Novice: 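Below you'll find the structure I mean.
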Amino acid sequence: MESRYKTYIYVEQLGNYIGKEVTLRGWVYDRTEKGKLQFIKLRDGTGIVQCVLFKPNVAEDVFERAKSLVQEASFGIRGVVREDARAPGGVEVDIADVWIYHIPPEQYPITPKEHGIEFLMEHRHLWLRSQRQWAILRVRAAVVRAIREFFDANGFVLADSPILTPNACEGTSTLFETEYFDLGKAYLSQSGQLYAEASAMALGRVYTFGPTFRAERSKTRRHLTEFWMVEPEMAFFELDDTMDLAEDLVEHIVQTVLRQCQRELAVLGRDTSKLEKVRRPFYRLSYTEAVEYLQKRGVKLIKKNPDGSESQYDFPWGEDFGAPQEEAIMEQFDKPCIIHRYPAEVKAFYMKRDPSDPRVVLAMDMLAPEGGGEIIGGSQREDDYDRLLERIRAEHLPLDAFQWYLDLRKYGSVPHSGFGLGLERTVKWITGAEHIREVIPFPRMIYRIVP
RNA sequence: UCCGGCGUAGCUCAGUUGGUUAGAGCAUCUGACUGUUAAUCAGAGGGUCGCAGGUUCAAGUCCUGCCGCCGGAGCCA
């Protein structure tokens, strides 16, 4: 990074400074001492480099000062960059001088050794400094960058939706509620879609990208109560166009991460050959074909009885897929699969019926391989005023709150479609993280809001 | 909301059928070492066994309640 703020250089640039003297500032990642030698790993946000102090080569006070550098002390060094096969990363710095910004008065809680998840979550504000978290958050940033690049380069206009909303998109049971001055209740948005539809009627192709909130009492490794979603919405797009777009987007994201994040993926130990395969075309199955596959494979539907016991059924057409079914379907695939045309009863009110099969709606989900799960959900929207009105009434949704949404079908209604891509689920899949809590800096979950 | 599991040193854990003064590794502190990568070697300090109650001659261990945490299902991105 060359800029007028550049008063020193960063670890990631050191390859360009072999044989030259540099100044670095950062934190102690780790330090060991071996007689007349000290090895200090300096972490500056861009990477980690080993700095070496050899007692005979420096002033006495420099060597003594460096001995006070405990884990996560902040400090600066001046020294010469040298290639050395013995150093992690192949490059190290021979220290000539050391200065100190701050020495922690207490022991840093997170050691390079193993910790339990409860302890790490309580120290999330410090856990972020660990190398694995560093890598994940940089991949997250690259994914966001790739998403914006993709839409900006393809004629989309960023049109963000409000976060405070007066109504539910798909029902009120899972909404966070708050007071809105004298106007009654407001809710934190669980999707920007309805507003994106309005924006698309103004701007053609739009995307909204921001945090969304679900007060679902779910507690799994793929749920957050606050998560980020990008939602493109396109006037005149039909379902097949939308599936093509989703495919292009996901391919672009994964290939961009592969290009830009080799260091990070190496830190994470990610098998990049699996990501290399994420190229168009992806697999596609209709819901009906997927059900036939489950039946052929003998994958059962397990349902709870009122007395608490469980019953197994051959998977019936008409049931929505749960995580076990999605996993069974994805076992056969080494890249994402789009499942489309779901039964109308299990999908949202705003989805358009398939004219060629009234049992299903023009909906689609994209499932990621390697246990990545559902990363995209989308549909062609109902564009007929009367049919949409009928659906709103059938779901007992508050008609008042949807008047503006119905207006979109009153004034120049057009076929249109869109989808939502869950940022954290996508990053979880690409990084291979076991749990979604690791892929957002400060996860919000049902039983945790601190730090 | 439902099902299952865990809670012992700063951290990760062991602790037998209830039985003497509750252990290990790491971390910390002291010392040694010119190549450490989770260094090694020698020594030292460190405990409200989640909380409350109960059974018992005796409870980390058994019982009851509470609290905290974890995983899964459903719902979804």
Side-chain angles (χ1 to χ4, degrees), chain A residues 29-41 48-57 63 70-71 84-90 92 94 104 106-123 131 169-171 173-174 190-193 211-231 246 301-310 319-326 346-348 365-368 372-378 419-429 434-437 439-440 445-448 450:
Chain A
Y29 194 71
D30 192 19
R31 177 180 155 280
T32 58
E33 207 179 320
K34 198 174 188 313
K36 298 190 172 70
L37 270 173
Q38 289 186 57
F39 300 97
I40 306 161
K41 293 202 184 77
I48 297 173
V49 68
Q50 173 165 279
C51 304
V52 186
L53 258 180
F54 186 39
K55 195 170 185 180
N57 292 354
F63 197 83
V70 294
Q71 194 187 356
D84 192 316
R86 293 170 298 185
E92 64 184 20
D94 272 324
E106 285 176 34
Q107 189 194 334
Y108 186 70
I110 300 175
T111 66
K113 287 282 185 155
E114 54 187 336
H115 297 283
I117 195 62
E118 182 178 359
F119 182 81
L120 289 170
M121 287 305 298
E122 280 165 8
H123 296 85
Q131 211 177 358
C169 179
E170 303 171 34
S173 62
T174 58
Q190 53 181 191
S191 165
Q193 180 204 314
T212 49
F213 307 86
R214 304 266 167 102
E216 295 161 0
R217 303 185 75 81
S218 49
K219 184 166 162 39
T220 78
R221 63 181 70 184
R222 56 186 189 283
H223 285 89
L224 293 165
T225 56
E226 177 181 322
F227 66 97
W228 283 63
M229 187 154 65
V230 61
E231 294 171 279
L301 177 71
I302 295 170
K303 276 202 152 182
K304 288 257 168 64
N305 299 317
D307 65 1
S309 65
E310 288 178 347
E319 280 287 330
D320 203 359
F321 300 140
Q325 286 79 35
E326 289 178 358
V346 302
K347 287 293 180 183
D365 287 351
M366 187 190 289
L367 307 181
E374 186 179 337
I375 58 172
I376 282 179
F419 62 82
L421 175 135
L423 176 63
E424 287 78 11
R425 291 218 179 146
T426 304
V427 176
K428 173 179 179 286
W429 162 50
E434 283 295 305
H435 200 296
I436 201 164
R437 65 187 158 216
V439 307
I440 185 168
M445 295 175 298
I446 176 167
Y447 294 123
R448 186 176 293 283
V450 176

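Every chain is numbered from 1 and lettered A, B, ... according to where its sequence line falls, protein lines coming before strand lines. The shown structure was predicted, so the numbers you read here are calculated from the model rather than taken from an experiment.
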Novice: Please confirm whether any donor atom in the side chain of A:H115 sits under 3.5 Å from an acceptor in the base of B:C11, or the reverse.
Specialist: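 Flag unset: no donor-acceptor pair detected.
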Novice: Starting the side chain at C-beta, find the nucleotide from B:U37, B:A73, B:A77 nearest to A:P88.
Specialist: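 Out of B:U37, B:A73, B:A77, the nucleotide with an atom closest to A:P88's side chain is B:U37.
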Novice: Among A:E226, A:M121, A:H223, which residue satisfies the side chain to side chain contact (heavy atoms under 4.5 Å, CB included) criterion with A:M445?
Specialist: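 Result for side chain to side chain contact (heavy atoms under 4.5 Å, CB included) with A:M445: A:M121.
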Novice: Could you work out which one of B:G74, B:U34, B:G71 sits closest to the side chain of A:K36?
Specialist: B:U34
Novice: Looking at B:C76, B:G74, B:G35, which one has an atom nearest to any side-chain atom of A:P324?
Specialist: B:G74
Novice: Compare the minimum distances between each of B:C76, B:G74, B:U36 and the side chain of A:S218, then state the nucleotide with the smallest one.
Specialist: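 Within the option list, the nearest is B:G74.
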Novice: Among B:C76, B:C69, B:G35, which nucleotide has an atom closest to any side-chain atom of A:E118?
Specialist: B:C69
Novice: Could you state the interatomic distance from CZ (A:F54) to NZ (A:K34), rounded to the nearest 0.5 Å?
Specialist: 11.5 Å
Novice: Under 4.0 Å between any heavy atoms, over every strand shown, what does A:I376 touch: base, sugar-phosphate, or nothing? Just pick one.
Specialist: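 Sugar-phosphate contact only.
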Novice: Between B:C11 atom P and A:Y108 atom OH, what is the distance in whole Å?
Specialist: 15 Å
Novice: Rounded to the nearest Å, what distance is computed from the NE2 atom of residue A:H123 to the C1' atom of nucleotide B:C69?
Specialist: 15 Å
Novice: Report the distance from atom CG of A:L367 to atom C1' of B:A77, rounded to the nearest whole Å.
Specialist: 12 Å
Novice: With a cut-off of 6.0 Å (strictly less than), are more than 12 heavy atoms of other residues, nucleotides or ligands near CD of A:E33?
Specialist: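 Yes.
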Novice: If you check the A:E92 side chain, which of B:G35, B:C70, B:C76 turns out closest?
Specialist: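 Per side-chain heavy atoms of A:E92, the pick is B:G35.
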Novice: OP1, OP2 of B:G71 versus side-chain N and O of A:K219: anything below 4.0 Å?
Specialist: yes
Novice: Supply the atom-to-atom distance A:F39 CZ to A:D30 CG, rounded to the nearest 0.5 angstrom.
Specialist: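 Answer rounded to 0.5 Å: 11.5 Å.
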Novice: Expressed in angstrom and rounded to an integer, what is the separation of A:E114 atom CD from B:G25 atom P?
Specialist: 15 Å
Novice: For the residue pair A:T32 and A:K41, establish whether any side-chain heavy-atom pair is separated by less than 4.5 Å.
Specialist: no
Novice: Please tell me which of the listed nucleotides, B:U34, B:C76, B:C70, lies nearest to the side chain of A:E216?
Specialist: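 Nearest listed nucleotide: B:C76.
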Novice: Provide, to the nearest angstrom, the distance between the CD atom belonging to A:Q71 and the P atom belonging to B:U36.
Specialist: 20 Å
Novice: Between the base of B:A77 and the ring of A:F227 - centre-to-centre under 5.5 Å, planes within under 30° - is that a stack?
Specialist: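 Taking the rule of under 5.5 Å and under 30°, the ring of A:F227 does stack on B:A77.
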Novice: Which nucleotide, in any strand shown, forms a Watson-Crick or G-U wobble pair with B:A39, with both distances under 3.5 Å?
Specialist: none
Novice: Could you tell me which nucleotide pairs with B:G46 by Watson-Crick or G-U wobble geometry, both distances under 3.5 Å, or answer none if nothing does?
Specialist: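 Partner of B:G46: none.
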Novice: Could you give the CD-to-C1' distance, from A:E122 to B:G68, as a whole number of Å?
Specialist: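 Computing the A:E122:CD to B:G68:C1' distance gives 9 Å.
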Novice: Hey, which sits more toward the 5' end of RNA chain B by its nearest nucleotide, A:I446 or A:D84?
Specialist: A:I446
Novice: Evaluate the side chain to side chain donor-acceptor pair (under 3.5 Å) criterion for residues A:T111 and A:Q71: first the C-alpha distance (whole Å), next the side-chain angles of each, then the deciding distance (0.1 Å), finally the verdict.
Specialist: CA-CA 8 Å; A:T111 66; A:Q71 194 187 356; over 6 Å; no
Novice: Quick check for you: among B:C70, B:A77, B:U1, whose closest atom lies nearest to any side-chain atom of A:R217?
Specialist: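 Closest of the options to the side chain of A:R217: B:U1.
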Novice: Calculate, to the nearest 0.5 Å, the distance between atoms NZ and CG belonging to A:K428 and A:L423 respectively.
Specialist: 13.5 Å
Novice: Reckon A:R222 has a side-chain N or O less than 4.0 Å from the OP1 or OP2 of B:A73?
Specialist: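 So the side-chain polar atoms of A:R222 do come within 4.0 Å of the phosphate oxygens OP1 or OP2 of B:A73, strictly under.
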Novice: Using heavy atoms to find the nearest nucleotide of RNA chain B for A:H435 and A:G422 separately, return the residue whose nucleotide is more 5′.
Specialist: A:H435
Novice: What's the closest nucleotide to the A:T32 side chain, out of B:A39, B:C69, B:A77?
Specialist: B:A39
Novice: Is any side-chain N or O of A:E33 under 3.5 Å from a base N or O of B:U36, one able to act as donor and the other as acceptor?
Specialist: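 Between B:U36 and A:E33, which were checked side chain against base, a qualifying N/O pair under 3.5 Å is absent.
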Novice: Just name whichever nucleotide pairs with B:G25, Watson-Crick or G-U, keeping both distances under 3.5 Å, else none.
Specialist: B:C11
Novice: Just the rounded figure in Å: distance from P of B:C6 to CZ of A:F119.
Specialist: 23 Å
Novice: Please report, rounded to the nearest Å, how far the C1' atom of B:U34 is from the CZ atom of A:F63.
Specialist: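 Taking atom C1' of B:U34 as the reference, CZ of A:F63 is at 10 Å.
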Novice: Can a donor-acceptor pair under 3.5 Å be found between the side-chain atoms of A:R448 and the base atoms of B:C70?
Specialist: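 By the distance-only test, no, there is no pair.
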Novice: Looking at the side chain of A:Q107, which of B:A27, B:C11, B:G35 is the nearest nucleotide?
Specialist: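 Between B:A27, B:C11, B:G35, the one nearest the side chain of A:Q107 would be B:A27.
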Novice: At what distance, to the nearest 0.5 angstrom, does CE of A:M229 lie from CD1 of A:I375?
Specialist: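 That separation rounds to 13.5 Å.
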Novice: Just N and O in the side chain of A:R31: are any of them under 4.0 Å from OP1 or OP2 of B:A38?
Specialist: no
Novice: Could you identify the nucleotide paired to B:U1, looking across every strand shown and requiring Watson-Crick or G-U wobble geometry with both distances under 3.5 Å?
Specialist: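 Looking at the geometry, B:U1 pairs with B:A73.
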Novice: Categorize A:G322 for me: base, sugar-phosphate, or nothing, with a 4.0 angstrom heavy-atom threshold over every strand shown.
Specialist: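 Result for A:G322 = sugar-phosphate.
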Novice: If you compare every side-chain N and O of A:K34 against the phosphate oxygens of B:U34 (OP1, OP2), does one of them come in below 4.0 Å?
Specialist: no
Novice: What I want to check is whether an N or O donor and acceptor connect the side chain of A:R214 with the base of B:A77 at under 3.5 Å.
Specialist: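 Flag set: donor-acceptor pair detected.
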